[in-house]
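What follows is a single structure, written as C-alpha cells, with notes after it.
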Amino acid sequence: MTADEAKREAALKALELVQPGMTLGLGTGSTAAHFVRGLGLRLKAGLRIAGAVATSEATADLARASGVPLLEPGPETRFDLAVDGADEIDPALNLIKGGGGALLREKIVAAAAARFIVIADAGKRTPRLGRFPLPVEVTPFAWPLTAAKVAEALRAAGCARDVLSLRYKDGAPFITDGGNHILDCQAALIPEPSALAALLDATPGVVEHGLFIGLAHEAIVV
Ligand code: 5RP
C-alpha cells in the first residue's frame with residue numbers, strides 16, 4: 001500500500017464516524033482532502049449535516065467543489081467531529097502539525113471540537129516529536145527578532161537542535177491564510193513538547209505553533 005492509499009483508507013475510516021446533523025471541522029493537507037472528497041460523496045448519496053468549517057482556503061475551495069456546506073463559526077459553534085492530518089504523532093497523541101501552513105486555523109478548530117480525530121499513514125508515527133521541522137507562525141513584522149527568541153525557546157526546552165528557516169514558496173516568503181510567515185524549526189528531538197509549547201506561547205510575535213498537545217482524542221493510522 002502506498003502512503004497515499006493509507007491516507008485515503010484512514011480518511012474513509014473517519015468518514016464512518018460522521019452522523020447526520022453533525023457540525024464538522026475539516027482539516028488541511030492531502031489526508032484531510034481524502035476525507036473532504038469522501039464526505040462530498042456521502043452528501044451526494046443523501047447524508048445531511050449541519051455544516052462544516054474549513055481550516056484553510058484550500059480546504060474551503062475543495063469543500064465547495066465537493067458540495068460540502070460551509071459555515072462561518074460563531075460564538076456557540078462546537079464541532080461534533082473535527083478530522084485532520086498530522087506531520088508527526090507521538091504515543092501520547094501529541095502532534096506536530098502545520099506542514100501545510102494551516103496550523104492556526106487547525107488549532108482553533110481542534111480546540112473547539114468535542115472529538116478531534118487525527119488521520120494519517122503509518123509514517124507519521126514517531127516515538128518522540130521533533131524529527132519533522134516544527135512550524136511556527138510568526139508576524140511578518142520583526143520576524144528575525146522573533147526567530148531569535150524562538151531559537152532561544154528551543155534551547156531552553158532542551159531541544160537537540162535550534163536551526164530555523166523562514167519558509168519560502170515560489171521564491172518569496174510563504175504567507176499563511178492569516179497573512180503571517182512560517183519559521184520551520186529543526187529541533188531534531190523535542191524532549192518535553194509541553195515545555196516548548198509554553199515557551200512559544202509566551203513569545204511575542206509567535207502567532208501560533210504546530211505543537212498540538214492534548215488536543216487529539218484518537219488517531220486513525222493505516
Ligand atoms: C497542514 C497540516 C497537515 O495536516 C499535515 O501537514 C499533514 O499533511 P498530509 O496529510 O498532506 O500528509 O498540518 O497544516
Side-chain angles (χ1 to χ4, degrees), residues 1-15 24-39 52-63 66 79 81-90 93-113 115-126 129-138 165-169 173-187 190 193 196-197 200 206-222:
M1 188 186 285
T2 65
D4 193 59
E5 286 165 347
K7 289 175 184 202
R8 184 166 176 276
E9 203 165 308
L12 294 182
K13 285 188 182 179
L15 264 179
L24 299 175
L26 305 176
T28 294
S30 56
T31 320
H34 283 302
F35 180 83
V36 174
R37 283 189 288 265
L39 179 62
V53 171
T55 54
S56 62
E57 297 303 322
T59 296
D61 288 346
L62 178 62
S66 306
F79 302 100
L81 182 67
V83 177
D84 202 347
D87 299 300
E88 281 190 347
I89 307 170
D90 81 5
L93 299 189
N94 294 320
L95 315 173
I96 287 184
K97 283 187 51 55
L103 59 133
L104 173 59
R105 295 186 188 185
E106 290 171 340
K107 198 177 278 189
I108 293 170
V109 167
R115 196 172 177 194
F116 172 42
I117 307 246
V118 187
I119 52 176
D121 62 281
K124 304 295 181 60
R125 280 222 194 266
T126 180
L129 298 180
R131 197 168 30 98
F132 188 91
L134 174 68
V136 176
E137 183 161 347
V138 296
S165 53
L166 186 70
R167 189 179 297 182
Y168 274 73
K169 190 178 177 196
F174 178 79
I175 308 282
T176 67
D177 286 341
N180 299 306
H181 290 333
I182 299 271
L183 297 171
D184 288 305
C185 305
Q186 296 185 35
I190 302 172
L196 178 59
L200 293 173
V206 169
V207 178
E208 195 46 87
H209 56 80
L211 285 169
F212 283 47
I213 310 291
L215 286 172
H217 298 101
E218 281 164 61
I220 300 176
V221 179
V222 177

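Numbering of ligands and ligand atoms starts at 1, following listing order. No experiment lies behind these values; they were computed from the predicted model shown.
A distance of 9.0 Å separates CG of L26 from CG of L62, quoted to the nearest 0.5 Å.
Considering only residues two or more places apart in sequence or on other chains, Y168 meets the side chain to side chain contact (heavy atoms under 4.5 Å, CB included) condition with L166, P173.
Sorted by first then second residue, the salt bridge (Lys or Arg N to Asp or Glu O under 4.0 Å) pairs that include residues 211-221, not counting sequence neighbours, are R115-E218. The salt bridge (Lys or Arg N to Asp or Glu O under 4.0 Å) contacts involving residues 93-103 comprise D84-K97, K97-E106, where partners must be two or more places apart or lie in separate chains.
In the model, T176 has a side-chain atom that pairs as donor or acceptor with a side-chain atom of E137 under 3.5 Å.
Within 4.0 Å of ligand 1, counting heavy atoms only, the contacting residues are K7, T28, G29, S30, T31, D84, G85, A86, D87, K97, G98, G99, G100, G101, A102, E106, K124.
With hydrogens and angles ignored, the 3.5 Å screen pairs a side-chain donor or acceptor of D87 with a backbone N or O of G99.
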